[in-house]
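Structure first, commentary second.
Chain A is the first sequence line, chain B the second, and so forth, proteins listed ahead of strands; every chain is numbered from 1. For clarity, every value in this text was computed on a predicted model and none was experimentally measured.
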Number of protein chains: 2
Amino acid sequence: MPDRATPRSRKVTVRDVAAEAGVSIATASRALAGQASVDPELVRRVLRASADLGYRANALARALRTQRTDTIGMVVPSISNPYFIAAIEAVELVLAESDRSLLLCDAREDATVEAGRIDLLVHRMVDGLIVVPVATEASAPALEAAAQELPVVQFDRFVDAVPTDFVGSDNTVGVRACVDHLRRRGARRIAFVGAQPTTSTAAERLRAFRDCVGVEDCPDRWLLLGDFSARWGREAARSLLEGEGLPDAIVCGADVIAVALVAELRSAGVTVPEQVAIVSYDDSTLGALTVPPLTSVRQPIEDMAREAVRLLDHRRERADAAVRKSVFPPALVVRGSTR
Amino acid sequence: MPDRATPRSRKVTVRDVAAEAGVSIATASRALAGQASVDPELVRRVLRASADLGYRANALARALRTQRTDTIGMVVPSISNPYFIAAIEAVELVLAESDRSLLLCDAREDATVEAGRIDLLVHRMVDGLIVVPVATEASAPALEAAAQELPVVQFDRFVDAVPTDFVGSDNTVGVRACVDHLRRRGARRIAFVGAQPTTSTAAERLRAFRDCVGVEDCPDRWLLLGDFSARWGREAARSLLEGEGLPDAIVCGADVIAVALVAELRSAGVTVPEQVAIVSYDDSTLGALTVPPLTSVRQPIEDMAREAVRLLDHRRERADAAVRKSVFPPALVVRGSTR
DNA sequence: CGGAGTCGAGAAAACGATTCCTCGGAACAG
DNA sequence: CTGTTCCGAGGAATCGTTTTCTCGACTCCG
């Protein structure tokens, strides 16, 4: 094995191809673009030269000229949240189908960081932006500014003040499915462990829960609000254990919360689902691998990703079309934690 | 709320700034770049004009001119593997510190896809490429070609035939730490559940295990090789259960394998760690959240990410420097699965 | 007072593509 | 045979920067 990396080779440009084929730059470009108005013989020569030289167009130069980078930017509150991972993966897959790529940014749950990353992506001239906003209030200005410049889709969460396209799932239906499922199983007293309603998603799930489960079945002390993290799941479990009496069931706002909560409950000797049944949200790989596996609300994330990209492409065509909200129906996946 | 997205606004260029400030384009550019050779009064006017107009340089045009995109490409075999997620997150964080960004690609465990994505990134003119190669053999040609064009760092796994910089961790030390730990706990008969040695990582871990544990303590039927997936973990567990007698302990090649394996063992009534102790690799959030939490080998992934970026930057300066392999020492994190 | 040296700003040439515009030649009609 | 029309290929402009030249003015020294 050689012990030094190979040195860089000079890039071959369309100029070289044109020279090799004995045609003008313009003709070479047209031939490579597959335009019909070029003499087939010349096309042959250009293609030949291109192949011989191993030509590949410089994406930057092309983008500068055509004002199109074939790149989509995506900003998520935290890369390590399994739900966002699934979203990232789905978007990446959709983009790969059309040879586009994904510029990924992590906002680290901080609206200031988020604003900086959005701004960066805008000036990188991405063709569109998919954003899961960190917070309802704080994310508004940067989103607003971005939407002036290019197509933006809000994903999963919605900042009301900023009129962009949106893709999400129906949290009311999802939470109702959870509660109905639990009630059919015989649960009456149900707790809710979710996140503070600083995001539309958290707020909707909370509201939906309150609409289904009155204070007689869920006293306020069982309405536990923190954030989308494992730490919070643990903490919430402890606070439930300290209070007197346990609920028949718990609805969690996310798998990452539920997994930690279940672990904590079980290590305190509580059986799941016998003593307390658990349902959760996201249907992540995480939740499917625990013991017992989690009953969880599944969002059609691949479809949602595809729709997000579709909306971006669409708005590119008609920048001033009315904003569109695509809301997908979720489905409850029943597993061991309620069985 | 208005019901239509805001229309795009015309971009303001350095030309506009120059005009507004009453100077030439060249001077405006220099002033904005903070070059000392510009009259302070002119600098003031340019900065003022720039702020007034809300100017931000077009990253594409700058990149085309300077041949530097401030973007790093990263290709991983599968976005959803928790180890790669941690790597992606760490790299993104390091890049964010210097206002650079990450073009992320998923090779879907397929060397052909991988080759396509690498090629794409090269022609996007990323400043460097961090690749976790899909396979030792199949990934070579694309990597080789990429390394001709720009700085490449192989991460975690190494393709021997391609001389690029490398960042990884010491698998021999890691596996030995696992085995030593288990033996101190009193385990004698130890099984290994890992991946087929199609990647350097899997091969090294397997070899290290064999070097520590002879055939008398681990008969060949306890050397189970599949892939880095939960499905394989489950399958391996079943195959162990079907054979006669269980080992005292199992070393797993990755958390994602271990988690599924533990779930399967426990649902067959095997107690962990009492009957069988488990150690694993990656120290992912996944493994920390299960019951019992996994004892696992932790790699200093943040340091490794920083080193990878540092190597890319370094090679940019000196393209023909000798290739460098940075191998980090892992550490065993002891948790419930061996306690 | 004149010539060498300095310094700073503007003009112009990259970077590497796409695409508009022009123009020569062929075809065809009158 | 001449005048349009059409068509296809090449020249040049463009995208928005950075950076190299170039050149005029000013300083300083002999």
Side-chain angles (χ1 to χ4, degrees), chain A residues 8-47 49-50 53-71 99 122-127 149-150, chain B residues 8-47 49-50 53-71 120 122-127 149-150:
Chain A
R8 319 283 165 268
S9 55
R10 211 186 71 76
K11 288 267 168 56
V12 25
T13 78
V14 67
R15 180 184 224 89
D16 303 322
V17 174
E20 175 80 9
V23 300
S24 74
I25 297 178
T27 302
S29 176
R30 280 187 288 247
L32 290 166
Q35 286 185 18
S37 67
V38 185
D39 185 327
E41 160 63 12
L42 293 188
V43 170
R44 212 185 49 72
R45 271 166 41 200
V46 169
L47 259 36
S50 164
L53 299 175
Y55 170 74
R56 280 283 313 259
N58 179 318
L60 245 51
R62 169 177 293 158
L64 181 60
R65 178 63 231 240
T66 61
Q67 305 284 32
R68 161 176 185 131
T69 52
D70 284 330
T71 302
D99 263 335
V122 167
H123 290 278
R124 290 264 150 108
M125 293 190 50
V126 293
D127 292 338
E149 307 285 339
L150 44 69
Chain B
R8 317 282 166 270
S9 54
R10 208 186 72 77
K11 287 266 167 53
V12 26
T13 77
V14 68
R15 180 184 223 87
D16 302 321
V17 174
E20 174 80 8
V23 299
S24 75
I25 297 179
T27 302
S29 176
R30 280 187 286 247
L32 289 167
Q35 286 185 17
S37 67
V38 185
D39 185 327
E41 160 64 12
L42 293 188
V43 171
R44 212 186 48 71
R45 268 163 46 196
V46 169
L47 259 37
S50 164
L53 299 175
Y55 170 75
R56 281 281 314 258
N58 180 319
L60 243 55
R62 167 177 295 160
L64 180 59
R65 178 65 231 240
T66 62
Q67 305 286 27
R68 159 175 185 131
T69 51
D70 285 329
T71 301
L120 185 74
V122 168
H123 291 279
R124 289 266 148 106
M125 292 190 51
V126 293
D127 293 337
E149 306 285 339
L150 44 70

Which heavy atom in [X] sits nearest to a heavy atom in [Y], and how many Å separate them?
| X | Y | value |
| --- | --- | --- |
| A/R124 | B/T71 | NH1-OG1, 3.1 Å |
| B/A31 | B/V38 | N-CG2, 4.2 Å |
| B/V17 | B/A49 | O-CB, 3.8 Å |

When rounded to the nearest 0.5 angstrom, what distance separates [atom1] in [X] from [atom2] in [Y]?
| X | Y | atom1 | atom2 | result |
| --- | --- | --- | --- | --- |
| B/L47 | B/L32 | CG | CG | 6.5 Å |
| A/L60 | A/M125 | CG | CE | 10.0 Å |
| B/S50 | B/D16 | OG | CG | 11.0 Å |
| B/R65 | A/L64 | CZ | CG | 13.0 Å |

Problem - Neighbour count >12 (heavy atoms, 6.0 Å) for atom CZ, A/R15 - result: no
Practice task
Take A/D127 and A/D70, measure what side-chain contact (heavy atoms from CB on, under 4.5 Å) needs, and give me the verdict at the end.
Solution key: CA-CA 6 Å; A/D127 292 338; A/D70 284 330; 4.1 Å; yes
Length of the [atom1]-[atom2] vector between [X] and [N], whole Å:
| X | N | atom1 | atom2 | answer |
| --- | --- | --- | --- | --- |
| B/L64 | C/dA14 | CG | C1' | 9 Å |
| A/Q35 | C/dT19 | CD | C1' | 8 Å |
| B/R44 | C/dA9 | CZ | P | 14 Å |
| B/R65 | C/dA14 | CZ | P | 9 Å |
| A/R68 | C/dG16 | CZ | P | 23 Å |
| A/R15 | C/dA14 | CZ | P | 9 Å |
| B/H123 | C/dG16 | NE2 | C1' | 14 Å |
| A/D16 | C/dC15 | CG | C1' | 14 Å |

Give [X] one of three labels, base, sugar-phosphate or nothing, depending on what nucleic acid heavy atoms sit under 4.0 Å from its own.
| X | answer |
| --- | --- |
| B/L42 | sugar-phosphate |
| A/I25 | base |
| B/A26 | base |
| A/S29 | base |

Completion exercise
Among the nucleotides C/dG16, C/dA9, C/dA17, whichever has the atom closest to the side chain of B/Q67 is C/dG16
Handout entry: Candidates C/dA9, C/dG10, C/dA17 - which lies nearest the side chain of A/V14
Key = C/dA17
Problem - Pairwise 5' ranking along DNA chain C for A/L32 and B/P40, keeping only the more 5' one - result: B/P40
Practice task
With DNA chain C as reference, determine whether B/M125 or B/A28 sits nearer its 5' end, using the nearest nucleotide of each.
Solution key: B/A28
Exercise for the section: Using chain A heavy atoms and a threshold of under 4.0 Å, write down where along DNA chain D the contacts begin and end, 5' to 3'. Expected result: D/dG8 to D/dG16
Fill in the blank from the handout: With sugar-phosphate taken as primed atoms, P, OP1 and OP2 and all else as base, the protein-contact string of nucleotides 21-26 of chain C at under 4.0 Å (heavy atoms; B, S, -) is ------
Practice task
Mind running side-chain contact (heavy atoms from CB on, under 4.5 Å) on A/K11 and B/E149 for me, showing each step along the way?
Solution key: CA-CA 8 Å; A/K11 288 267 168 56; B/E149 306 285 339; 3.1 Å; yes
